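Data first, discussion second: the structure below is written as structure tokens.
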Amino acid sequence: MDPVQKVKMSLAQLVSEALEEARGQKLLSFATAPDFVIEVPREKGHGDFACNAAMLLARQARMAPRQIAEILVGVIKAGSLAGVEKVEAAGAGFINFYLSNDWLFEVPALVVKMGGDYGRNESKNQRVQVEFVSANPTGNLHMGNARGGALGDTLANILDRAGYNVEREFYINDAGNQVEVFAESLEARYLQLKGFDVKFPEDGYAGQDVIETVRNIIGAYQDRLLDMESADRRQIMLNFALTEKIDYIKNTLENFGIKYDVWFSERSLHETGQVDLVIEQLKEKGYVYEKEGALWFKSSEFGDEKDEVLKRANGIPTYFAADIAYHRDKFKRGFDWVINIWGADHHGHVARMKGAMQALGYDPAALEILLMQLVRLYRGGTIVRMSKRTGTTISLDELIEEVGRDAARFTFVMRSPDSHLDFDLELAKQKSLENPVYYVQYAHARICSVFRQAAAYNATLPSVDEVDVTLLNEEDELALLRKIAEFPEEIAIAARTVAPHRMARYVLDLAGLFHSYYNHHRVLNENPELQKARLLLLMVTRITIQNGLGILGVSAPEQM
RNA sequence: GCGCCCGUAGCUCAGUCGGAUAGAGCAACGGUUUCCUAAACCGUGGGCCGGGGGUUCGAGUCCCUUCGGGCGCACCA
């Protein structure tokens, strides 16, 4: 059980009882008990935990918060809860609790017992789906896809540890207009390579990688595509290219540490008639009208700026229509929570997609769209311009090649999704404590190094029951234990607030506390009992760092 | 023009439901050190949380307004 949660719950119980007691003794008068919280005060001088019940009750009880706090403190029996050493009213009306360190001393045994599962919250019996990257299978993966990948996979890991049943999904945009253009581009390149003077489509895919793909097609088909109806030729080329591109995407993402549970094809939605079906459903519900030959969805009724076309005048459904069918399908699959990670340039779609779900009778709040801002690449101080025209664009493969998967993943999740990300390639490669990834990994390696050193002295790692954990009474040691104790709660918060970057910060903070501790105290020392206790502290620090890095998809090396 | 996101220390950024004296890293300045993993460690300075108004016991956080930056506003995706 989450150690912090455990303490908070017993303190909350204490406060609830005090409230009832005070009401019973006619010291306070209120109808409903306030929805107070037990929190960790920012200031150390304000105790270990604090409660805001008195402030929340002020209006109802018609009494100054400070006075209420004092009444409650008077009612709480000092010795009524083991480990509570002092309770006092403070500040504007806080109730501060000062605890003995006993609750922290329970932490190491718990961490050792749970091992790789330390941090995991109880099962929620809820299914959540995270859909991310979903890059067009018409080109390379770029930095936006990379950030989305790191964020999505980390978020999925967080949700998993937070007790959800998680599925990762990739939506393959293998239908629609862009795919047509892609096919035309392939055909044009093919004919050009075969010596025909055909002009390349105006908005075609002009990248070098498309030419590569066409070379591969020629390798497979030689001249056999020449004497063929254009439509047939395009179909063959398209199927080949999509397969190749999807394989490429799959491989690259696997190199990045990402494995999907489901690869969902947009084309399948069209083929099974689900796109037309969903348009019909919306029509029946009265959210569709015809204008200038096209079918429109009344998204403006759901807070969108304007209505949106579902089916063009030429009879072809839009991407939006397919996307509605897709999201309907997600809900039909029974997910309690559906999360999408989109680039901020798609924010305009949020309102209408939620609106469409609402129109279909689903809860729009169950659809969560995490928007992420764009990425700017730097090399040292100078920005790396990402231009397809000049060919200076950096793909995810190249990034992994240059800085490594660990540094790339960490850097992408380090910042809040809604903050622009400056990715410094030089910093990410740097082997110094200034590099955040290195800083955290080094903490882990350092612990392993101490263990190796201990082994060289013939000191084995202690088992929990042979250690007197109360010897860990240095400020630094207690701070480390407290941080470790907070890990499960941190996971819960990161999940609840859909904030993958919190995990990176947590692990940085933890590593910082460890480095600082390491610099001040000898683990391997002349006092055998103290040495055992400190080795145990390092063991649980290591487990927590390992688990944290695991969530981030970053390796925890034993040596650096 | 309308909508969304951002604006916090010199720089890059944190800051769960509103909580007590707003934090971290880097840079700057001062000092210590060569010790289980390596130029590391300790300390100091630095802020009208873009501006203004409001809500309340209490606002970086919520509401309104204004300024600045990014993005979006197709029968593209």
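Since we're looking at a predicted model, the values are computed, not measured. In the text below, chain A, chain B and the rest are named by the order of the sequence lines, each starting its count at 1.
- Annotation: B:A20 and B:U34 have their C1' atoms spaced 43 Å apart (nearest Å).
- Nucleotides B:G52 and B:C67, compared at atom P, are 15 Å apart to the nearest Å.
- Closest approach to the A:R496 side chain among B:U16, B:A20, B:A14 is made by B:U16 (side chain taken as heavy atoms from C-beta onward).
- Note on A:H521: a base of the nucleic acid sits closer than 4.0 angstrom, heavy atoms only.
- Inter-residue side-chain proximity for A:N340 and A:K330 is flagged as met; some heavy-atom pair is nearer than 4.5 Å.
- If you check every strand for non-hydrogen atoms under 4.0 Å, A:Q559 touches a base.
- When the shell of 6.0 Å around CE of A:M9 is examined, it contains 12 or fewer heavy atoms from other residues, nucleotides or ligands.
- Within 90° of 0 lies the glycosidic angle of B:C17, which makes this nucleotide syn.
- For a distance-only test at 3.5 Å, the side chain of A:R446 fails to qualify as a donor-acceptor partner of the base of B:U37.
- If you check every strand for non-hydrogen atoms under 4.0 Å, A:A50 touches a base.
- A:Y442 has its ring centre less than 6.0 Å from the ring centre of A:H515.
- Taking atom P on both nucleotides, B:G3 is separated from B:C63 by 14 Å, rounded to a whole Å.
- Each of A:V523 and A:V309 lies near RNA chain B, and the nucleotide nearest A:V523 is the one positioned closer to the 5' end.
- Checking each of A:R496, A:K8, A:R482 against A:E489 for a salt bridge (charged side-chain N to carboxylate O under 4.0 Å, His left out) leaves exactly one that passes, namely A:K8.
- Only the C1' atoms considered, B:C4 is 46 Å distant from B:C41, to the nearest whole Å.
- Looking only at distances, a side-chain donor or acceptor of A:Q441 sits under 3.5 Å from a matching main-chain atom of A:S555.
- Here the side chain of A:W296 is nearest to one of B:C75, B:C42, B:G19, namely B:C75.
- A:Y442 comes within contact range of at least one nucleobase, with a heavy-atom separation under 4.0 Å.
- A:K306 comes within 4.0 angstrom of the backbone, heavy atoms only, and of no base.
- The aromatic rings of A:F264 and A:Y171 lie tilted to each other, with the angle between the two planes from 30° to 60°.
- Atom C1' of B:C29 sits at a distance of 39 Å from the matching atom of B:U66, rounded to the whole Å.
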Each nucleotide N or O in nucleotides 3-7 of chain B that has a protein N or O under 3.5 Å away: list the pair and distance.
| residue | atom | partner | partner atom | Å |
| --- | --- | --- | --- | --- |
| B:G3 | N2 | A:H347 | NE2 | 2.4 |
| B:C5 | O2' | A:Q373 | NE2 | 3.2 |
| B:C5 | O2' | A:D418 | O | 3.4 |

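- Rounded to a whole angstrom, the distance from the P atom of B:C17 to that of B:G7 is 15 Å.
- For the pair A:K298 and A:Y287, the cation-pi test (distance below 6.0 Å, angle within 45°) is failed.
- At a threshold of 4.0 angstrom between heavy atoms, the contacts of A:M414 with the nucleic acid are absent.
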Do any N or O atoms of the protein come closer than 3.5 Å to N or O atoms of nucleotides 57-60 of chain B, and which pairs are they?
| residue | atom | partner | partner atom | Å |
| --- | --- | --- | --- | --- |
| B:C57 | OP1 | A:R59 | NH2 | 3.4 |

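- A close approach under 4.0 Å does occur between a side-chain nitrogen or oxygen of A:S516 and OP1 or OP2 of B:C42.
- Applying the 6.0 Å contact sphere to CG of A:N314 captures more than 12 heavy atoms from other residues, nucleotides or ligands.
- The shortest distance between the side-chain N/O atoms of A:S449 and the OP1/OP2 oxygens of B:U37 is below 4.0 Å.
- Among the protein residues, A:N96 comes within range of the nucleic acid bases, having at least one heavy atom under 4.0 Å from a base atom.
- For the 3.5 Å distance criterion, the side chains of A:D307 and A:Y289 qualify, holding a donor opposite an acceptor.
- For B:C17, there is no paired nucleotide, since no Watson-Crick or G-U wobble pair has both relevant distances below 3.5 Å.
- For the P atoms, the distance linking B:C5 with B:C42 amounts to 39 Å, nearest Å.
- Rounded to whole Å, the separation between the P atoms of B:C75 and B:G69 comes to 29 Å.
- A donor N or O paired with an acceptor N or O is not found under 3.5 Å between the base of B:A14 and the side-chain atoms of A:H501.
- The side chain of A:D422 approaches B:U12 more closely than any other nucleotide in the set B:U12, B:A74, B:A20.
- Pair assignment for B:C62: B:G54, on the basis of Watson-Crick or G-U wobble contacts that are both within less than 3.5 Å.
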Give me the distances for all protein-to-nucleotides 28-35 of chain B N/O pairs that come in under 3.5 Å?
| residue | atom | partner | partner atom | Å |
| --- | --- | --- | --- | --- |
| B:C35 | O2' | A:R522 | NH1 | 2.6 |

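- The base of B:A77 is not paired with the side chain of A:D345 by any donor and acceptor separated by under 3.5 Å.
- Using Watson-Crick or G-U wobble geometry with both donor-acceptor distances under 3.5 Å, B:G1 finds its partner in B:C73.
- Residue contacts for A:Y518: at a heavy-atom cut-off of 4.0 Å it reaches a base atom on one of the strands shown.
- Across all strands shown, B:C36 has no partner, as no Watson-Crick or G-U wobble contact with both distances under 3.5 Å is found.
- Counting only N and O atoms by type, the side chains of A:H444 and A:R542 include a donor and acceptor under 3.5 Å apart.
- The distance between atom CG of A:N435 and atom P of B:U12, rounded to the nearest whole Å, is 18 Å.
- Remark: A:E122 does not engage A:K124 in a salt bridge, criterion side-chain N to carboxylate O under 4.0 Å.
- At a cut-off of 3.5 Å, with distance as the only test, a side-chain donor of A:Y98 or A:E88 sits close to an acceptor on the other residue.
- The closest side-chain donor-acceptor pair between A:N173 and A:Q178, if any, does not fall under 3.5 angstrom.
- For the 3.5 Å distance criterion, the side chains of A:R534 and A:Y518 fail to qualify, holding no donor opposite an acceptor.
- The partner of B:A24, taking Watson-Crick or G-U wobble pairs whose two distances both stay under 3.5 Å, is B:U12.
- Base pairing annotation: B:G68 forms a Watson-Crick or G-U wobble pair with B:C6, both donor-acceptor distances under 3.5 Å.
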